[in-house]
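Step one of this worksheet: look at the structure below.
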Amino acid sequence: MKLTDEQKAMLEGEYGEGAAYAMKIEVAIGESFDAERMVPITRAHVALSNQDADLWFAEKMLEKGAHCRVSPTVNPGFCVSFFKERGLVKDEDAEMMMRTHNAYKGLGATLTYNCTPYVATNIPNYGEICAFSESSATPYVNSVWGARSNREGANSALCAAITGFVPEYGLLLDENRKGNILVNIEADMKSDFEYHLLGYCGKKIGPGIPVFTGLPSHISPESLTNLGAQLNTSGAYGMYHIVGFTPEARTMEEAFGGKKPERVVNITNKDLEDILEQISYSGNRKIDFAMFGCPHFTLNQAKHIASKVEGKKLSVPLWILTSYHVKELADRMGITQIIEDAGGNIIPDTCPDQPCWNWLNGKVGVTESPKCAYYPKRRGIEFVIRDLDTCIEAAIKGEVI
Amino acid sequence: MGKRYSCHKISEGKADGEALVSLDDIMFYLIKPETGVVIEPSHDLYGKSMAQKILIFPSGKGSSVVQADGLFQLNKNGNMPKAMIIQYPETVLVSSAIIMDIPMVDKVDPAFYEDIKSGDEIIVNADEGYIEII
């Protein structure tokens, strides 16, 4: 790979040991993908996870004196004050979150603690080269905004933020952004929920860049968020196209770059029903809690829940996970009050896959998100998966009907 | 000397050990760190251990945060695979392998996939770009 003088100097340690190590990793990634050069980025998002490897790597970088040249937004860990006040989190877990906070603060990250920056605080322009990690983020910035990011890992995105460069390969190049799988949607896409299930069809869709046709003409940001999140739970997708909707797929021809699809897949109502059957904890049953916001809920979704629970009493706890700024708006607009009066909470800065939920071990919840159900399995938490309105009804009644 | 096949280095190093072949993509988070056993239902390696094996699989899958942590936890327990042979590199998996110092290769001679089966003893030499079935 050809490096500029600046990049060489960085690799050789002139910008400090941390930048040199980050550059070494970036170069190794570039060489494994036969990249010819490194190109500058203007945005980054790091999927901070507050897990052992994440903290290990962030602290290692900080010890080496690294500082982000492009300050990245970051994913949620958990809201220490919320869980500490309620005695729901062990001291050692709270301490780890504080260490993660301090490490990323020291590295110069923008401490948003939100997994949907692409609809709020970190929105790239068309064609902008950036380094986004986080499963729902990469497909969104590539597909919906037409920006250019590879499907970065949390570590590689942090290296990009530190060096200010990424190797040029994959989705940064025109020729790799064309679709190769035609996915005909014959299923009824009634709400944001069906996009969760469609995204979960990764095994049937197969590897590559899917081109969706047959979707409704209006698709909400929430639906698109769900689609990307689940595509990367059931498989690994950096990009998709929706013909007549996403900017690089105005026509079928443009979406496929004039080539024929390598594969054609039809998705029917039966496929979505089968997926739901396969991933949801079985049957209609009593539940212990309801959890929403994986990916983080928008203000509209929080408002929707408020409209359904206003003046009612929930039978089980209901948590809406969201960003700090949506929480702030919800507070101002009285949405938080309505939800708290019913017995629920809006929690900022928090992800379902965090130690603050360990106390739910052995319990069964309800959620509309397959991703929310997937990762907490290893904490011994199970979920019945249903559409949002059925979930809200379940939280009111205490059972899924 | 056994039969050799060419390959392309992703992450440096070499290793030898028992091959474990998966037809499904792998997410290192749904592996029990204490045993290396795959706990993801409906995965074709479900119930099998990847500890200290040479893992042959198509590609990675799952949320971008979890691959590195899954491998980190396996490594802490001494149950990380010794090397990985993949078909479809993706950045999350590649950067995780480099950071965790696991040898990884791709672009393997197609004949390898006809010959290899789980249980074979093999050598992966990423630095010199070959795999050998002993």
Side-chain angles (χ1 to χ4, degrees), chain A residues 24-26 28-29 31-34 46-57 60 75 115 131-138 149-159 166-167 169-171 202-203 207-208 229 231-238 278-279 351 353 371 374-375 377-378, chain B residues 7-13 23-34 39-44 57-77 80 84 86-101 103-107 126:
Chain A
K24 184 190 161 200
I25 294 166
E26 288 285 298
I29 295 168
E31 285 183 347
S32 74
F33 286 102
D34 299 322
V46 173
L48 172 154
S49 63
N50 183 41
Q51 286 165 344
D52 290 345
D54 176 45
L55 181 59
W56 168 74
F57 191 67
K60 185 170 168 170
N75 257 17
C115 55
F132 270 59
S133 56
E134 159 53 29
S135 55
S136 73
T138 318
S149 171
N150 278 307
R151 189 176 165 265
E152 300 285 348
N155 302 317
S156 63
L158 182 58
C159 290
V166 285
Y169 69 96
L171 293 174
K203 212 165 179 168
L231 278 171
N232 280 322
T233 306
S234 67
Y237 296 87
Q278 197 188 319
I279 60 179
C351 168
D353 190 22
K371 185 180 178 186
Y374 188 72
Y375 291 106
K377 270 190 210 303
R378 73 179 224 161
Chain B
C7 62
H8 168 254
K9 175 186 87 172
I10 291 180
S11 174
E12 62 194 13
L23 299 177
D24 286 340
D25 294 344
I26 291 179
M27 219 265 298
F28 289 95
Y29 207 41
L30 289 181
I31 316 291
K32 218 172 165 49
E34 296 79 14
I39 56 168
E40 181 180 348
S42 82
H43 197 280
D44 76 344
F57 60 109
S59 189
K61 65 166 181 173
S63 151
S64 66
V65 297
V66 298
Q67 292 290 32
D69 202 67
L71 288 169
F72 183 87
Q73 300 299 343
L74 285 166
N75 192 37
K76 213 163 82 178
N77 288 278
M80 198 159 71
M84 301 191 209
I86 63 166
Q87 283 168 284
Y88 308 103
E90 46 101 10
T91 315
V92 169
L93 186 61
V94 166
S95 57
S96 301
I98 293 170
I99 287 158
M100 298 310 301
D101 290 324
M104 181 191 267
V105 299
D106 69 340
K107 294 182 194 159

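All values derive from a computational prediction rather than experimental measurement. In what follows, chains are A, B, ... by sequence order, proteins preceding strands, each numbered from 1.
For the options B:Lys107, B:Glu90, B:Lys32, B:Met104, heavy-atom pairs under 4.5 Å to chain A are most numerous at B:Glu90. Of the listed residues B:Leu30, B:Leu93, B:Asp25, B:Ile39, the one with more heavy-atom pairs under 4.5 angstrom with chain A than any other is B:Leu30. Ranked by heavy-atom pairs under 4.5 Å with chain A, the first of B:Lys76, B:Gln73, B:Lys9 is B:Gln73.
Contacts between B:Ser42 and chain A at a heavy-atom distance below 4.5 Å involve backbone atoms as well as side-chain atoms. Of the two parts of A:Gln278, only the side chain, counted from C-beta on, holds a non-hydrogen atom closer than 4.5 Å to a non-hydrogen atom of chain B. Neither the backbone nor the side chain of B:Leu71 comes within less than 4.5 Å of any heavy atom of chain A. Neither the backbone nor the side chain of B:Ile26 comes within contact range of chain A; no heavy atom of the residue lies under 4.5 Å from a heavy atom of that chain. For A:Asp34, the part lying under 4.5 angstrom from a heavy atom of chain B is the side chain only. For chain A, the nearby parts of B:Ile99 are the backbone and the side chain; heavy atoms of each come within less than 4.5 Å. Contacts between A:Ser234 and chain B at a heavy-atom distance below 4.5 Å involve the backbone alone (N, CA, C, O).
The environment of A:Lys377 atom NZ is dense: over 12 non-hydrogen atoms of other residues, nucleotides or ligands sit within 6.0 angstrom.
In this structure, the side chains of B:Ser59 and B:Gln87 stay at 4.5 Å or more apart for every pair of heavy atoms.
Under the salt bridge (charged side-chain N to carboxylate O under 4.0 Å, His left out) criterion, B:Asp24 pairs with A:Lys203, not counting sequence neighbours. A:Phe57 pairs by the ring pair (Phe, Tyr, Trp, His ring centres under 6.0 Å) definition with nothing, not counting sequence neighbours.
Ring planes of A:Tyr169 and A:Phe33: parallel class, angle under 30° (limits at 30 and 60°).
At a cut-off of 3.5 Å, with distance as the only test, no side-chain donor of A:Lys371 or A:Ser136 sits close to an acceptor on the other residue.
Of the inter-residue distances, the one linking B:Met100 atom CE with A:Trp56 atom CH2 reads 5.0 Å to the nearest 0.5 angstrom.
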